[in-house]
Every structure is written in structure tokens, then in C-alpha cells.
2 protein chains.
Amino acid sequence: MSQPKPRCGIQNHPSVGDVIVCQKVIIIEDDTPLRTSIAQSLELANLEPIPTNGFTQARRSIRSNFAGVILSDIQMPDHSGFDVLDFARNKDPELPVILLTGHSDVPTAMKALKSGAYEYLEKPCEPTRLVETLKRALDHRKLVLENRHIRAELETQLPFDGSATLHEALEETERRLIEKALIEENGKVIEAAQSLGIPRNTLYDRMAKFGLVAKAFRR
Amino acid sequence: MSQPKPRCGIQNHPSVGDVIVCQKVIIIEDDTPLRTSIAQSLELANLEPIPTNGFTQARRSIRSNFAGVILSDIQMPDHSGFDVLDFARNKDPELPVILLTGHSDVPTAMKALKSGAYEYLEKPCEPTRLVETLKRALDHRKLVLENRHIRAELETQLPFDGSATLHEALEETERRLIEKALIEENGKVIEAAQSLGIPRNTLYDRMAKFGLVAKAFRR
DNA sequence: TGATTTTGCCCGAATTTTCGGACAACCAGA
DNA sequence: TCTGGTTGTCCGAAAATTCGGGCAAAATCA
């Protein structure tokens with residue numbers, strides 16, 4: 001029949017129902033006492049601070065699906081908060097960055113928002129206000145991540161174009177279910193067969209039909 | 001002989017891609033000049049103000065999937081902002097309410113947040129800050145609505161719980177596809193068969209197996 | 001290394017599905 | 001009432017699928 005398509009396909013989705021935890025806050029602040037003080041405030045609020053002393057130290061934590069937000073000082077010796085902002089937006093445009101500006105530095109604050117910061121806070125900042133703001137940002141982030149997650153799930157679920165034949169659609173569904181089972185069982189055919197409720201040989205029959213090999217599903 | 005209709009999708013799929021517009025702001029403020037002033041600020045920011053002079057006038061706009069947020073004064077002659085908050089949270093717990101407090105009334109502001117307000121603003125509020133805050137709230141609201149929308153979509157697509165047998169899952173899928181085709185063809189078995197790419201008799205076989213009758217799918 | 005498990009494939013019989021053909025019953029319009 | 005189209009069911013042969021058993025090669029483990 002058809003060649004074993006090199007479809008990389010289904011990933012191991014953490015199931016739609018489960019809640020995404022999103023409470024990390026990367027703190028970028030060169031002033032050590034202030035940094036630890038902020039970190040403490042966050043821990044008291046049940047958040048998960050990741051304190052760093054500057055851009056260089058922070059950048060390895062900043063990645064595309066990071067489950068949290070960034071809180072960065074804007075004036076630092078080595079880099080500016082805007083560098084953080086650019087870097088973060090490049091990694092993930094929907095990753096909220098909250099910038100700490102100097103007292104009453106309205107023009108810079110405006111510039112921050114225009115550059116894509118999620119929010120700014122004036123430097124001598126009461127902990128409660130800080131936490132409130134971060135919680136809103138984290139909530140926002142959580143929604144964004146959930147959204148991506150569900151969309152990904154949707155894509156794997158509705159692949160039939162309407163012009164497909166009943167047989168084609170069913171074959172496609174069957175192939176996906178088999179692939180999913182194989183992934184979940186780490187490429188173990190026997191266990192996948194068991195979880196699908198069919199005998200081992202039958203699963204091999206179907207796999208052969210679709211050109212699937214167990215090896216390709218190993219972690 | 002009519003062609004099988006050029007069906008674009010498996011169902012009329014409110015298209016996951018399309019963007020939800022969410023820029024309405026219900027303004028609840030008894031002071032008329034201030035109210036219109038706020039409304040103007042919002043219009044300048046490309047938002048869609050719905051000005052009301054109080055809770056009574058506003059409550060009919062507040063409903064479960066409202067595509068916007070609420071901005072309410074906290075001190076009003078007939079009702080308090082907290083009444084608005086309670087009402088809104090009852091209609092939809094994820095509908096953001098932003099409360100306008102008097103100048104430096106921190107305790108009330110705290111109480112507002114604890115009661116579930118999305119954010120509070122101090123009364124003599126610069127338009128830019130107001131608009132920024134509202135935009136964040138609207139963004140949040142948009143995400144919530146998108147989320148609901150996609151989840152609903154996913155539920156209609158996700159046919160089998162993981163514990164189902166391969167055969168059971170495929171049968172279920174087959175039944176759904178057949179029902180879908182019958183619905184789209186208004187219960188005409190012949191046309192449904194054509195759109196599914198199988199002969200009429202085969203479709204009858206399958207329908208019999210599932211206990212389906214065409215009559216039940218007529219409009 | 002040797003023992004054990006797993007893979008991937010083939011056989012063959014039992015079962016299921018496919019699908020053309022046929023037919024009675026029903027309904028709607030002329 | 002006649003007529004054309006549809007529904008729902010049955011038959012039967014061809015085709016496909018299921019699934020137990022078996023086996024050689026590969027992988028894994030001790």
C-alpha cells in the first residue's frame with residue numbers, strides 16, 4: 001500500500017482536563033537585597049520566584065512555553081530592561097514582562113508599554129501591589145498556555161477534511177489511536193495492544209497496513 | 001445529478017482560527033460628566049463604551065458570555081460597586097470588574113480585590129492608565145472566551161474516553177460520521193451515502209447496526 | 001556470553017464487512 | 001389513482017478483518 005509516511009505527528013499531550021500550574025516569576029534585579037526581598041514577598045504569596053542578578057543569568061530560563069512571567073528592573077549595569085523585553089518577546093511574544101521603573105518615570109513607563117511590556121511598576125513598590133500585578137500577569141499567562149494546549153489537542157483530533165470518504169476517515173482515526181497507544185506505551189507493542197483491547201497479532205496486522213514500526217515510538 | 005456538496009468541514013466549525021472581538025466596556029458611573037468623559041477616552045482608544053448611570057441600567061447588559069468588561073464606580077447613590085461585583089460574578093465568575101475607588105481609599109480597594117474585582121483604580125484617574133488597565137482586562141476576557149469556545153469545540157470532537165477499546169472507539173467514530181452526514185443531507189440516505197463515498201446498501205447496513213433511522217435526521 | 005523477551009511477519013480458519021441486486025412498503029405529486 | 005422516488009430489509013458472493021499459533025531475527029537483560 002502506501003509508504004510509511006514520516007509523520008512526526010502526535011505528541012504526548014498532558015490531557016485536556018488537567019490544570020496548568022503557572023506561578024513562576026523570573027526576577028531580574030541587580031540589587032541583591034531588593035531581589036531577595038521581592039523573592040520573599042512572592043513566596044509568601046505562594047508564588048515561585050526564580051531570582052537572577054541580570055539578563056545573562058536569566059536568559060537561559062526564558063523560553064517559549066515558560067510557565068510563568070518575568071519581572072525585571074529597567075535600569076541595570078550590564079543590560080537594560082528593554083533588552084530583557086526584546087529577548088523575551090523574541091522567545092515568546094505572549095510571555096508577560098513586568099518592568100520596574102524608577103519613581104515617577106512616566107516617559108520610560110510609556111515606552112515600556114509601547115515596546116510590549118505587560119505592565120510597569122514604580123520602583124518603591126508595596127509588596128501587595130506587586131503581588132496583585134504578578135498574579136494578574138500569571139493568570140493571563142496561564143490562559144495563554146491553556147489556549148495553546150487545547151488548540152494543539154484540537155488539531156490532532158479533527159484531521160478529516162470533509163471530502164474524505166468514510167473509510168478514509170476511519171482509517172485515519174484508527175491510525176491515530178494506534179499511534180497514540182504506542183506513544184503512551186513507549187513503543188511496546190504488546191502493552192499497546194492490551195490498552196487497545198485487541199490481541200497482539202491484530203495490532204501488528206494494523207501496524208503493517210499503516211506502515212508503522214514500534215521502534216519509531218520509543219522515548 | 002447534483003454533486004456531493006463541497007462540504008468544507010466535518011461540521012460547521014465556528015472556525016477555531018477566527019478572532020473574538022472583545023472590546024466592550026460597561027461603564028457604571030452616576031456622575032454624568034465623568035461618565036461621558038470616560039466614554040470619550042475609551043472611544044479614542046478604539047474601545048466600545050456602554051455608558052450607564054447605575055446598576056439598574058447596567059444589569060441587563062451583564063450576562064454570561066459578555067464580550068467585554070465592567071468598569072464601575074464604587075460609591076453610588078442607589079447601589080454600591082460591590083453589588084455590581086456580586087451580580088456580575090454570579091452571572092459569570094470570569095467577567096472582569098474594575099472598580100473605581102475614591103482617592104487613596106486603600107482599605108476599600110483591598111476589599112474590592114478580595115471580593116473578586118479584577119483591579120481597582122483611584123478616582124482621579126488619568127485616561128492613559130485607565131485605558132491600559134481596561135485593555136489588559138479585555139485581553140484577559142478575550143482569552144477566557146476563546147478558551148471556552150475552543151473547549152466546547154473540542155468536546156464535540158473528542159469521541160472516546162481513553163479506556164475504550166479500539167473497536168469501540170472506531171464504532172463510535174463511525175456512528176458520529178454517519179450521523180453527521182445524515183444531518184447534513186437532511187436525512188436523505190442516498191445522498192448521505194454518496195457524500196460518505198460508500199454505496200447506499202452499505203450505509204443501510206451500518207445504520208441498521210447502530211439502530212439509526214433516516215427519519216430521525218429530517219429537518 | 002547465554003537466556004529471555006520482543007519484534008515483525010506468515011498461515012489459515014472463523015468471522016465480519018462490503019456491496020450489487022432485488023423487493024415490499026411508504027410517501028408525494030400529477 | 002398512477003407514478004417516481006425513497007426507505008428499510010434480505011440474500012449471497014467477494015473481500016477484508018480478526019486472531020490464535022508459530023517462527024526467525026533482533027533486542028534486551030543477566
Side-chain angles (χ1 to χ4, degrees), chain A residues 1-10 12 159-219, chain B residues 1-5 7 10 159-219:
Chain A
M1 264 201 82
S2 61
Q3 289 282 31
K5 303 176 191 173
R7 355 188 342 114
C8 48
I10 306 174
N12 198 359
F160 326 104
D161 58 24
S163 62
T165 260
L166 179 64
H167 297 307
E168 289 167 351
L170 286 175
E171 265 190 13
E172 179 69 10
T173 305
E174 186 183 10
R175 194 176 57 72
R176 286 179 189 221
L177 287 170
I178 289 174
E179 285 182 356
K180 193 171 178 179
L182 281 170
I183 289 172
E184 276 171 6
E185 303 299 344
N186 188 23
K188 299 278 187 184
V189 179
I190 295 180
E191 296 175 33
Q194 194 169 353
S195 94
L196 289 171
I198 55 178
R200 183 184 77 95
N201 286 347
T202 304
L203 179 53
Y204 273 113
D205 285 345
R206 312 313 293 150
M207 284 171 62
K209 173 173 173 180
F210 294 125
L212 300 177
V213 282
K215 212 184 319 184
F217 296 93
R218 298 272 170 69
R219 281 190 278 268
Chain B
M1 178 62 84
S2 67
Q3 285 268 79
K5 298 178 185 176
R7 308 185 306 152
I10 227 171
F160 8 80
D161 59 36
S163 63
T165 262
L166 179 64
H167 298 307
E168 290 167 350
L170 286 175
E171 265 188 14
E172 178 68 11
T173 306
E174 185 183 11
R175 195 175 56 73
R176 286 183 188 218
L177 287 170
I178 289 174
E179 286 181 356
K180 194 129 299 195
L182 281 170
I183 290 172
E184 277 175 9
E185 304 299 345
N186 189 20
K188 300 278 187 182
V189 179
I190 295 181
E191 295 176 32
Q194 195 170 350
S195 94
L196 289 170
I198 54 177
R200 183 183 76 97
N201 285 355
T202 303
L203 180 53
Y204 273 115
D205 285 345
R206 311 313 294 148
M207 285 171 62
K209 172 173 174 180
F210 293 125
L212 299 176
V213 281
K215 212 184 313 185
F217 296 94
R218 298 271 171 67
R219 280 189 278 268

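Chain identifiers are assigned alphabetically (A, B, ...) following the order of the sequence lines, protein sequences preceding nucleic acid strands; residue numbering begins at 1 within each chain.
Considering only residues two or more places apart in sequence or on other chains, A:Ala181 meets the side chain to side chain contact (heavy atoms under 4.5 Å, CB included) condition with A:Ala192, A:Ser195, A:Leu196. A:Gln194 is linked by a side chain to side chain contact (heavy atoms under 4.5 Å, CB included) to nothing, counting only residues two or more places apart in sequence or in another chain.
Residue A:Phe217 contributes atom CZ, which lies 16 Å from atom C1' of C:dT6 at whole-angstrom precision. Atom CG of A:Leu203 and atom P of C:dT6 are 14 Å apart (whole Å). Rounded to whole Å, the distance from CD on A:Glu185 to P on C:dT6 is 13 Å. Between the CG atom of A:Leu170 and the C1' atom of D:dA16 there is a distance of 14 Å, rounded to whole Å.
Once rounded to the nearest 0.5 Å, the distance linking CD of A:Glu172 with CZ of A:Phe210 reads 8.5 Å. Here B:Glu168 contributes atom CD and B:Thr173 contributes atom OG1; the two are 11.5 Å apart, rounded to the nearest 0.5 Å. Atoms OG1 and CD1, on A:Thr165 and B:Ile198 in that order, are 8.5 Å from each other to the nearest 0.5 Å. Atom CD in B:Glu191 sits 11.0 Å away from atom CG in B:Leu182 (nearest 0.5 Å). A:Tyr204 contributes atom OH, which lies 6.5 Å from atom CD1 of A:Ile190 (distance to the nearest 0.5 angstrom).
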Detail all sub-3.5 Å separations between protein N/O atoms and N/O atoms belonging to nucleotides 24-27 of chain C.
none

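The stretch residues 197-210 of chain B participates, sequence neighbours left out, in these salt bridge (Lys or Arg N to Asp or Glu O under 4.0 Å) pairs: B:Glu171-B:Lys209, B:Glu174-B:Arg206.
Between B:Leu212 and B:Glu179, the shortest heavy-atom distance links the atoms CD2-OE2, 3.8 Å.
Taking the side chain as every heavy atom from C-beta outward, B:Arg176 and B:Lys180 never approach each other to under 4.5 Å.
Axis angle across the helix from C:dT1-D:dA30 to C:dA30-D:dT1, with five pairs used at each end and values rounded to 10°: 50°.
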For this session: Mark up nucleotides 7-21 of chain C, 5' to 3', with B wherever a protein heavy atom is under 4.0 angstrom from a base atom, S wherever such an atom reaches only the sugar-phosphate, and - elsewhere.
Result: BBB-------SBBBB
